[in-house]
Every structure is written in C-alpha cells, then in structure tokens.
Amino acid sequence: MANYREMWETLGMDLETHDQLCAVLPTAFGDTYLSQENRPAGMDFWDMVVADIHGIRPAELIEAQKKGQKVFGTFCVYVPDEVVIAANGIVTGLCGGSQFWVPSGEEVLPKSTCALIKASVGARLGRTCPFFRIADMYVGETTCDGKKKAWEILGKDVPMHIMDMPQMKREKDIAKWAEEIKDFAAVVEEFTGNKITPEKLNDAIKLINEKRKALARVYEARKADKLPISGKDVLLISQIAFFDDPARCAQMCNALADELEQRIADGVSVFKEGTKRIMITGTPMAIPNWKLHHIIETSGAAVVCEETCTGTRYFEKLVDDSKETLDDQYRAIAERYMGINCACFTPNTGRVDDILRLAKEYKVDGVIDVNLKFCCLYDTEGYTVEEALKANGIPVLGIETDYTDSDAEQLRTRIEAFVEMLG
Ligand code: BJ8
C-alpha cells in the first residue's frame, strides 16, 4: 500500500483509528477474495483499487478539486449523476458498509437504526473515511425515515442538499421528480459555478448510459450455464462503480466482459458443474460488506444475480438520450430513475415483476431475500416478495442480518440447509 498519510492528515482524519481499519481490511479481502481460484485476469484492476481504497481515488478527487472541480457525495441510486457531471462536478458514493464505523454512528443514532446509516454517519463523525472528508457537498434524499433524520446530523458541518423523493409512481409523481431534478440542477450550477447546457447534459447522459451498458455486459455473462466469474467478484465491481470515474469504470467493465465472453466460449467456469444458482434480493451491500456472498459461495452455491441497489437496480434501464431541451432531458432522467423499484415506494409491484423476471433470466435455483436489520421497508416488503416467489414455484429463504460476524455461523447453517434442499 502506498503512503498516503500526509494526504489523510491534511484531510483532518483520525489517523490512529484509521490505522486500525487499514490493518484489518487486507486480511478480510485476502480471505474473501484472493482465496478464490481461477479468477478472471481482469479482476486485477479491482484488486488494485481495494488495495489502496483510501488512497488512489481520494488522491484523484483532491487533484480534481485543485483544478476547480467540486465533489458531490451521494447515498442513493435515485440521485442522478448526469446532472452533476453536466456541471463538471464529480460524484462519489458514500454509503458505509463496514461494522468498523457502526459504533461511532451509534453515539448519535438509535441502535435500532440500520447498519448502513449508522456506518455512514460513523464514517463521517469518526473521521476515518477520506471520501466523507473530501466531498464538498452531500446529497441526501427522502427515501426512508432513518436517512431523513441522518441528513440533519450529517449536514451540520457540510453543505447538504436533500432531494424530495415521491413515494408513489403516478404521472404527477414523475412530473414532480423531474421538477426536483431541475431544482437540483440549479443548486449544482450555483455550487460549481458552471452552467448546464443541453449539450453538456446530453454528453453526461451518454457517459452514464455507457457505464450502465458495460455493467450490464458483465451481468449478462452470469446468465451462462458455466459461470465465468463469481458473485463475490461482481459484487466488488458494483460496489467500486459507485465511486470510480465513470469512463474508466465502463472501460474496465467492457474489458472484463470481453474476457468473460471468451471464457464462456471456452467453457471455463469458476464453479463446478451442478452448483446451485442463487439470486439475492433486498437491501444494498455497500463496500466492504461481502459477508453474505462469501457465506453462500463457500456453502456450495453461486450468486448469479443481485436484485439490489448494488446490483441490477443500479444499472438497468437507460436514460433516453434523444431529447434536445433541458426540460425534456430532466423529464427523461426522471422517467429512467423512477423506473427503479425501491421498497420506499407504494405500491411497488414493479419490484416483484423484476424479481420474477430476473429469476428466469439468470436461471436461478433459489432466492435469498436479505434484509439489513432494522430496515422496515425491505423487511415489510419481504412478505410480498416471498409470497410471489413461492406462488411461482421458486424456493426462497428470508434472512435478516447486519454487518457483524456474530451470526455468520448461524447463517451458514441455514444457507447450507437451503442449498441442500434445492437438491
Ligand atoms: S433506492 S435501497 S439506495 S434508499 S437499508 S438506509 S432503505 S433503512 S439504502 Fe437505499 Fe436508495 Fe432505496 Fe436503494 Fe433506509 Fe433500509 Fe437502511 Fe436503506
């Protein structure tokens, strides 16, 4: 790992505590990732990113800031990257996926808050994540109650803009979301000092669409009977996509997809024949939350698809790039983003349709519906999801977990029994 101490110091980070995080991550990554056999060579890039996860990209962001660019930190896949990029800004995901940050979050939040929110707030307050220190502005959204209240704490000493999400998907809600995007664009223009033009917005729409298409190509390879890549590896790619440069992300994903397509043609698989194919649905898994994938893929099964925001909800559907005026473009962006089916919407039948469609496309043998403890939205929707899967003859296992390892053995026992039941 290169030496970034001076940079972290300048960012006002708590170096002593951060050292503890740096000490555990390589072992966790080695045990989970580097122990896999026959990985695609293209994964070297993502391994390199993880090895210097608090160094390489943060240093790039700081360089960009020196040249006058602004960095926007986001927490949800509904916040449109296109608008920020059109104003020459940079987007970085900020969701926390490590138990390491949870205790600092619990100092100010109720314990009965989901780990994702506690870790995100803890990463900021504990001063142990450079991305939280670098972001010039945070962009929140009104998805769940826990997040809404967390913005009030996170926004105390950083400029915070909150996007008001509709909770339904009627025509008037889509129109409202288009208005909200337009308002966000005005905030971004003022904050960056750069005007958004139809041409610049169209370039940004195309850039992000290319990234989505490249991620979709990687996912497409997982539909093959012989799996050329593990679920763990694809999860890592999705997690890093949230904060990498979008053009580089597309380039690396396309190069990997070339390799995966060749592997499929050559009949190369990273799992032995007959390995059961699992789809995960539910709450997102922010980096470095690899817990469930690791347990599943060391319990005799393979994860072939994630119907989560660190999976298909992130890249499916493109923004229509044929519009020529800003108002039409904001509307096109609103339509694409309102096509994401998060449990914060009611009714949310589109999500059940997605899950049934994906189960067929990825030829899954069973579904694991995962809920991050204390996420009331996905927990409640789990009832409808599991009913629909059973009605369609698809075996499903519902589980609830958090970022700790305390339930790992119990989960392993349940997952092994589920995989065995799949025959
Ligand atoms: S679009 S899933 S990224 S809101 S797990 S913080 S919902 S209590 S993360 Fe999400 Fe956007 Fe929806 Fe996706 Fe709240 Fe639930 Fe925690 Fe969650």
Side-chain angles (χ1 to χ4, degrees), residues 72-81 91-99 101-102 105-106 109-124 138-154 162-169 173 177 180-181 184 212 215 235 238-239 241-243 280-287 289 291-292 306-317 333-334 336-346 348 350-352 354-355 369-382 385 398-403:
F72 293 74
T74 62
F75 302 84
C76 178
V77 298
Y78 279 98
V79 175
D81 293 359
V91 181
T92 187
L94 288 180
C95 287
S98 170
Q99 177 61 23
W101 292 312
V102 169
E106 284 180 343
L109 295 168
K111 282 204 164 53
S112 57
T113 304
C114 89
L116 191 146
I117 299 175
K118 287 190 286 196
S120 302
V121 170
R124 168 72 197 175
Y138 294 169
V139 188
E141 78 297 325
T142 55
T143 42
C144 70
D145 289 351
K147 277 178 156 185
K148 277 188 271 193
K149 291 291 111 183
W151 308 144
E152 293 165 19
I153 298 169
L154 274 176
I162 299 168
M163 298 188 75
D164 187 12
M165 292 271 316
Q167 307 284 291
M168 298 179 79
K169 292 186 176 179
D173 298 310
W177 188 235
E180 196 63 22
I181 292 171
F184 177 49
R212 292 188 183 112
L215 284 163
L235 174 66
S238 297
Q239 291 171 332
F242 280 79
F243 54 88
I280 289 178
T281 65
T283 42
M285 295 165 183
I287 198 163
N289 179 8
K291 177 175 159 181
L292 196 59
E306 298 82 12
E307 185 278 322
T308 65
C309 288
T310 40
T312 54
R313 292 203 291 268
Y314 185 50
F315 66 80
E316 281 200 330
K317 302 177 185 85
I333 293 171
R336 184 268 160 192
Y337 281 84
M338 289 291 273
I340 304 169
N341 295 310
C342 173
C344 62
F345 284 90
T346 188
N348 196 29
R351 178 156 173 250
V352 173
D354 282 346
I355 291 169
D369 183 35
V370 60
N371 188 58
L372 203 47
K373 205 169 173 185
F374 303 123
C375 177
C376 177
L377 289 171
Y378 281 87
D379 197 9
T380 308
E381 198 161 277
V385 167
I399 61 167
E400 183 165 74
T401 186
D402 55 19
Y403 290 172

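In each ligand, atom 1 is the first atom listed, and ligand 1 is the first ligand listed.
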Item to complete: Using atom types as modelled and distance alone, determine if a side-chain donor or acceptor of K147 lies under 3.5 Å from a backbone N or O of E141.
Response: no
Fill in: Contact check, side chains of Y378 and T281, non-hydrogen atoms, under 4.5 Å
no
Worksheet item: Would you say the side chain of L116 lies within less than 4.5 Å of the side chain of T283, judging by non-hydrogen atoms?
Response: no
Worksheet item: Considering only heavy atoms of T143, which atoms of ligand 1 have at least one such atom less than 4.0 Å away?
Response: 4 (S)
Worksheet item: Hey, what's the ring geometry for F75 with W151, parallel, tilted or perpendicular (30° and 60° as the breaks)?
Response: tilted
Discussion item. Using modelled atom types and a 3.5 Å cut-off, is there a donor and acceptor pairing between side-chain atoms of E180 and backbone atoms of D164?
Written reply: yes
Worksheet item: Heavy atom under 4.0 Å from ligand 1: found in C375's side chain, backbone, both, or neither?
Response: both
Fill in: atom 14 (Fe) of ligand 1 - nearest protein heavy atom and its distance
C144 SG, 2.3 Å
Practice prompt. Check ligand 1 against T283 and write out every atom of the ligand that is under 4.0 Å from a heavy-atom position of the residue.
Written response: 5 (S)
Worksheet item: So do Y78 and C342 actually touch side chain to side chain, heavy atoms under 4.5 Å?
Response: yes
Response to the item:
re atom 12 (Fe) of ligand 1, the protein heavy-atom contact at minimum distance is C342 SG, 2.3 Å
Worksheet item: Is there side-chain contact between F243 and I287, with heavy atoms separated by less than 4.5 Å?
Response: yes
Worksheet, complete the sentence: For atom 9 (S) of ligand 1, the closest protein heavy atom turns out to be P284 CG, 3.5 Å
Fill in: Nearest-contact summary for atom 13 (Fe) of ligand 1 - protein heavy atom, Å
C309 SG, 2.2 Å
Discussion item. I'd like to check M338 versus F345 (side-chain heavy atoms, cut-off strictly below 4.5 Å). Are they in contact?
Written reply: yes
Response to the item:
For atom 1 (S) of ligand 1, the closest protein heavy atom turns out to be Y78 CE1, 3.3 Å
Worksheet item: What is the nearest protein non-hydrogen atom to atom 10 (Fe) of ligand 1, stated with its residue, atom name and distance?
Response: K147 NZ, 3.8 Å
Discussion item. Suppose I only count heavy atoms of I117 and a 4.0 Å limit; which atoms of ligand 1 are within that range?
Written reply: 6 (S)
Item to complete: Between C76 and ligand 1, find which residue part has any heavy-atom pair under 4.0 Å and reply side chain, backbone, both or neither.
Response: both
Worksheet entry | Atoms of ligand 1, numbered as shown, that sit under 4.0 Å from any heavy atom of C114 | 5 (S), 6 (S), 8 (S), 16 (Fe)
Worksheet entry | Backbone N/O of G282 and side chain of T308: donor-acceptor pair under 3.5 Å | no
Worksheet entry | Heavy atom of the protein closest to atom 2 (S) of ligand 1 (residue, atom name, distance) | Y378 OH, 3.2 Å
